**Q** 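Can you keep this structure in mind? I'll have questions shortly.
What you see is a predicted model; the values in this text were computed from it and never measured. A note on names: the letters A, B, ... follow the listed sequences, proteins ahead of strands, and every chain is numbered from 1.
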Amino acid sequence: MFKEYKSLSLPEVDKQILEFWEKNDVFKRSIEERDIDNSFVFYEGPPSANGKPGIHHVMARTIKDIFCRYQTLTGKRVERKGGWDTHGLPIELKVESELGITKEDIGTKISVDDYNKACKETVMRFKGIWDDITVKMGYWVDLENPYVTYEKEYMESVWWLLKQIYDKGLMYKGYTIQPYSPAAGTGLSSHELNMPGAYQDVSDTTVVAMFKATKASDFGWLWSLPVTPPQPPEGGSKTALEDEELPPSGGWGGMMGSEDSSEVHIIAWTTTPWTLPSNTALTVGPKIQYVKVRTKNQYTGEANDVVLAKELVSKWFGGHNQPVIEAMSAPFSGTQLAGLRYEQLLEGPTPTDGDAFRIITGNFVTTDAGTGIVHTAPSFGQDDMAVGKANGIGSLTLVDKQGKFTEDAGLFAGRHVKNYKDDPDYKDVNVDIAIHLKTVGQAFNVAKYNHSYPHCWRTDKPVLYYPLDSWFIKASAVKERMSQLNDTINWQPESTGTGRFGKWLENLNDWNLSRSRYWGIPLPIWRSEDGTEEVCIGSIAELDAAITVANAALGLDQSVPNDLHRPYIDEVVLFQNGKKLVRELDLIDVWFDSGSMPYAQWGFPGPLAPKGGTTEEPPVYQTANPMTYLQLKEYAQKMRTEDATPAEEALWAELSNKQLEGYKFRRQHIVGNFIVDFICLEKRLIVEVDGGVHDTPEAIENGRQRTSILKQKGYQMIRFRNEAVLNDVQQVLGAIKHKMASCPTFTKAMLANGVERVSPFGGRGAFPADFIAEGVDQTRGWFYTLHAIGTMVFDSVAYKNVVSNGLVLDKNGKKMSKRLGNAVDPFKTIDQYGADATRWYMISNANPWDNLKFNEEGIQEVRRVFFGTLHNTYNFLALYANIDGYDVADPKNKMAFKDYPEIDRWILSRLNTLTKEVSELYAAYDATPACRAIENFVNAELSNWYVRQCRRRFWKGEMSQDKRAAYNTLYGCLLQVARLMSPVAPFYAERLYQDLTGAAAGAENVKGTANSVHLDILPSVDESQIDKDLETRMGYAQRISSLTLSLRKADNLRVRQPLQKILVPATDEDFQRHVAAVADIVKSETNIKEVEFLTDGDFLKKSIKANFRVLGKKVGKRMKDVAKLIGANAEAIIKGIETAGEATLSLDGEDLVLVAEDVLIATEDIPGWKVATDGEITVALDVTVTEELAKEGLARELVNRIQNMRKDLGFEVTDRIRVRLQGSPAVEAAATAYKAYISAEVLADSLVLDGDVDGETLELPGEETAVLAVGKV
RNA sequence: UCUGACGUAGCGCAGUUGGUUAGCGCAUCCGCCUGAUACGCGGAAGGCCGGUGGUUCGAGUCCACCCGUCAGGACCA
């Protein structure tokens, strides 16, 4: 029996199915039942559990789930290890605010240990909620064995990776300019800078300072460069000097003489006058044009020659409160100024690390603001530092970390550069600097300026850019390789890969790895105080070895801390070449944590890590040396056959033949110079079974050595006593399984080669990933760190396919935020609408990479339109199949495909087409069109056409061949739909699948189906069932029906009123044949008695137009004329083509031969008839209602009314009834004439005309009336 | 300021290598309760395809510029 439903509650389905999955371990089975050699590798990007999951997480995880489920459906084994990102600033900030402390308090008011404990607790606070949403939304990921970034094994892996990078010379220590909050005493991350409210509009004192150039022989031309007074525009707007190329020097004498400059000042603008004492260079744009302007200092009135960008002259001169141009030179380029020296602006120290106070060039200089000359203080600006470094100008850092001028800063020493201490008497030092410059004649202009400037989110004080020490990964050194590898990655959408990601790679900067925080993975680098000795630790074993060395040298008693976090690791002191090394206090950027996940999730390389801190190649698989091998081989053979103990035999009985989870074990295998009892080479796991002989002290010592050597070679070992094996072999097997789970796997290829390098494989071939997915915001995050580490350490992509999804916005397109209160609660949504409707909506509504405007009404629509329809279709099947006792497995129901009626073959053809299409789309990571195709199939084709056409086949009469065909067909369609939709809607698909296969009821499975749709394999497409002709035909039927109904509508002729015929012009034989084949369908759909074809060419009025697509290619430019000609000669061309197959046009004296494909001929009109046209199809409807047709129409009306009464009276579908009728003469006549028809339709045993019926009075079309009484037999 | 995505009917979206009359769903209007469904069915109306210019015989589609929305980056001298 099929289960019948009253209504559909998707949330209820969720609950039942979740229970089923859990009870039957379906997720696990869906992995384990698949062949491990047929794996599809997926990486779960670790979410941070420190906040609650939002609806956008549901979006991202739906995408991951879909493609993993699809691959499973095709038979792949898809392991999905969950994970948690646990470190990082957001957690620290949260803890700080919860504890009411600041960064400065850590280590004083609270110990680092306690602080980190608080972080650890906080970060997993929401884990339960996350697990809950994961389950409820139907996201399948292994939550039982997740990787956690704060776990020791994970951290050790990260160290190992970092060391690989370090060893390749890709790490260095340098300083970088970072946002720094003097008030809080801490550097700020870009994350903190991007917090809302960080940027505030402020009004700052700005200064255009004048730097006095030093006259040197190379630059004499600048002083003697002639200047000319501006000329009033004559004839044009240009002055004579503009657009002239500059001769380097002296070329102007002939034109107009002028006095040489006595002094030349270079002017530069700054919004942070406090950086002026630290100025060490001026930067000009190499291609920017500059001029020398003669003017007067507006504060001192002295004569003044200044240099600035030509384009910006008008900005600084001639306006209100601005100096006047007395004369101006010809322009010269920035390059020519390079090297010019100037006097230090303010008295103070000079840099010792470079050749300062020069003009240098930099491409970042623009003429958008300022003077086109940038005051450069390398300590306080990122560009400044970069350009300063490139030119070796040195730097001055005359501001300390409290934000005040250092003692040697000269005039302003000791003063805070901003009011960091909330001093009520604070006087703005910037103003004083400006005043000072004005007084000494070094200010060109001083003004207030409004702009937005970043502020510390905690202290609300302005941020400074300040040089801080950092460790970097030299990512820029491998950017070409990263780009190359990126080209092999399939991005969805493509533009994110080539554009957003590709362009980013091209302009890659080095990766600043340092974070001066507490809760994260410590940088495993130890350094001597003078920086000459340095070591990078790559594993716990290495650390252990290094500690041993240090202990010996320094007389300490240190050991490897249990917890690798701060503060414990900070206490470890190492020793190298006579120097004490202490750890660099920084933490590693958390992004490195997550990018390490492909390897660290398995603790790679784990026990295989190189021991002793060497940088040699990781160990390789070694065989015995050839000398001893033959001898060992012989011995091993003997042990296998003759000397095997009962315990060994017993264990071998369980391990041989890949019995244990498909892993191949060997027995008495030679490893190095040893023979081991059992070994699984893929896992490098040795199983030893020991008996009494192993108990002697000598044997124990031997065994210990042996174990140690084998372990060094990279093997894991597990030992059992003979008794254990003999008593409870299952327990032993369990222990082996457990051990194996923690061992990395080695691929066959590696083992076959014998010497292949260890690679970061967890599961078999688990690197690189076939597929990952996250939001676009991860492009520079996780996508990048995965790629960077994969490239640098393994010279490989880390993933082959990647889907990046857009944002989830609220329904008005606004970003969701707690503040605005427009965030959607995923739990509420899923509870209310069910996970499937939510998932389906999110995927089908728009491509995932477009931003989704999340609208609940959309989910409701999906539920109603798609799931509702599908559910009703199933219910329809169930209702009748149960009545007829239909059973799919019954051999009587087996039929050859060719014996199915046309309409069945049509829907099956469509089904196969659908399967093909949807499979291809899923395989191409394109779920949206896949959903839409399924939706269209279910709604438009299966429910609204197939079932509607076939209803009578299901309810009519006894079980027949035709009925069996109908059941088989509908059943097959629903079952396949369940499979196809299962990746997106795993719950309902499961429900439908089980209802169809009877698995839920515990009944025996229908042959060929598993008892969960997620354990099933998608059957391949049966191309032989795809019949494009048939699909075309049915398309005609649908269009003709639609046209006919629209004609009926126009004349107000209800469908219940039969009409005699429609005319369909069909001059094309193919077309006629197609339509004839589906004429019955059209007739029943539209209640028309005949479909007649019009073939009389002369009678029909035809139109012709050019087939642009075809003809355009032939005639090109002349297309327009040709189209016109065709219109003008329509009749002749139609005739020509219909009779001779071609027609000739004369165009510009040339003959143009037209054949059938060059034009489109359509019937537009049938004289004297009402017609409707849709493309090439035209339909005319005979609207005459003859007396006979009217009578039949009335009979149908009566049937309809009686049916309604049956329903109102609550009769069963199968109840027999008696009908008495009294009506107007026409009604009674109709009832008499169609008595048999009416009786049959309404299951009446009798239909009696009676003059005095006490029943319901009804009005029928055409002013007719009837009184009806209906009763059960 | 740079980069990317998006802009098509009231709303959400399709629109193949350029080709004639630009589609779908919802909502709207009109008409239908036909035996699985009113969570339904049929029909209709609704568009300067963001704008301007260009390429072309022909542009929603290709190019340039501009405008708007969103995201990310750089910078804020």
**Q** Taking ring-ring contact (aromatic ring centres under 6.0 Å, His included) as the criterion, tell me which of A:Phe867, A:Phe854, A:Phe866 meets it with A:Tyr841.
**A**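 With A:Tyr841 as partner, A:Phe867, A:Phe854, A:Phe866 yield a single ring-ring contact (aromatic ring centres under 6.0 Å, His included), made by A:Phe854.
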**Q** Looking across every strand, which nucleic acid part, if any, lies under 4.0 Å from A:Lys1120 by heavy atom: base, sugar-phosphate, or nothing?
**A**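 Here A:Lys1120 touches the backbone only, sparing every base.
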**Q** Each nucleotide in nucleotides 10-18 of chain B should get exactly one letter: B, S or -. Can you fill that in based on protein heavy atoms under 4.0 Å?
**A** --SSS--B-
**Q** What nucleotide among B:G42, B:C39, B:G43 has an atom nearest to a side-chain atom of A:Asn944?
**A**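 Minimum distance to the A:Asn944 side chain belongs to B:G42.
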**Q** Remember a base hit wins even if backbone is also touched, and classify A:Thr496 as base, sugar-phosphate or nothing at under 4.0 Å, heavy atoms.
**A** nothing
**Q** Determine the interatomic distance between C1' on B:C39 and the same-named atom on B:A27; round to the nearest Å.
**A**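 That atom pair is separated by 16 Å.
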**Q** Got a sec: does the CD of A:Glu494 have more than 12 other heavy atoms crowding it under 6.0 Å?
**A** no
**Q** Just call it for A:Val947: base, sugar-phosphate, or nothing, with non-hydrogen atoms closer than 4.0 Å on any strand.
**A**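 A:Val947: base contact, heavy atoms under 4.0 Å.
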**Q** If you define the side chain from C-beta out and look only at heavy atoms, does anything of A:Arg948 sit under 4.5 Å from A:Ser943?
**A** no
**Q** Measure the acute angle between the ring planes of A:Phe380 and A:Trp274, then classify it against the limits of 30° and 60° as parallel, tilted or perpendicular.
**A**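 The rings of A:Phe380 and A:Trp274 stand perpendicular, inter-plane angle above 60°.
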**Q** Would you please name every residue forming a ring-ring contact (aromatic ring centres under 6.0 Å, His included) with A:Tyr886, sequence neighbours left out?
**A**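 ring-ring contact (aromatic ring centres under 6.0 Å, His included) check on A:Tyr886 returns A:Tyr967.
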**Q** For A:Leu1111 and A:Glu1197, find the nucleotide of RNA chain B closest to each by heavy atoms; which residue's nucleotide sits nearer the 5' end?
**A** A:Leu1111
**Q** By the 4.0 Å heavy-atom rule, please label A:Gly858 as base, sugar-phosphate, or nothing.
**A** nothing
**Q** Classify the side chain of A:Glu861 and the base of B:G25 as holding, or not holding, a donor-acceptor pair under 3.5 Å.
**A** no
**Q** By nearest atom, which of the nucleotides B:U20, B:G42, B:C39 is closest to the A:Asn1107 side chain?
**A** B:U20
**Q** Quick one: are the ring centres of A:Trp511 and A:Tyr784 less than 6.0 Å apart?
**A** yes
**Q** May I ask you to say what A:Arg952 touches in the nucleic acid, namely base, sugar-phosphate or nothing, with a heavy-atom cut-off under 4.0 Å?
**A**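 Nothing, no nucleic acid heavy atom in range.
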**Q** Given B:C32, B:U20, B:U37, which nucleotide is nearest the side-chain atoms of A:Arg951?
**A**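 The nucleotide sitting nearest to the side chain is B:U37.
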**Q** Check whether any side-chain nitrogen or oxygen of A:Lys503 sits under 4.0 Å from OP1 or OP2 of B:G4, and answer yes or no.
**A**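 The answer is yes; a side-chain N or O of A:Lys503 sits under 4.0 Å from OP1 or OP2.
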**Q** Taking the side chain of A:Met1119 as heavy atoms from C-beta outward, which of B:C57, B:G42, B:C32 is closest to it?
**A** B:C57
**Q** According to a 3.5 Å limit on both distances, what stems of 3 or more consecutive Watson-Crick or G-U pairs are formed with RNA chain B?
**A**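 The stems are B:1-7 with B:67-73, B:10-13 with B:23-26, B:28-32 with B:40-44, B:50-54 with B:62-66.
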**Q** Please classify the nucleic acid contact of A:Ala1123 as base, sugar-phosphate, or nothing, using heavy-atom distances under 4.0 Å.
**A**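 The residue A:Ala1123 makes no contact with any strand.
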**Q** Can you find a pair of side-chain heavy atoms, one from A:Leu877 and one from A:Leu974, that are under 4.5 Å apart?
**A** yes
**Q** I'd like to know if A:Arg1056 pairs up with A:Glu1197 as an ion pair, taking the criterion as any Lys NZ or Arg NE/NH1/NH2 lying under 4.0 Å from an Asp or Glu carboxylate oxygen.
**A**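 A salt bridge links A:Arg1056 with A:Glu1197.
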**Q** Between A:Arg864 and B:A27, is there a side-chain N or O to OP1/OP2 distance below 4.0 Å?
**A** yes
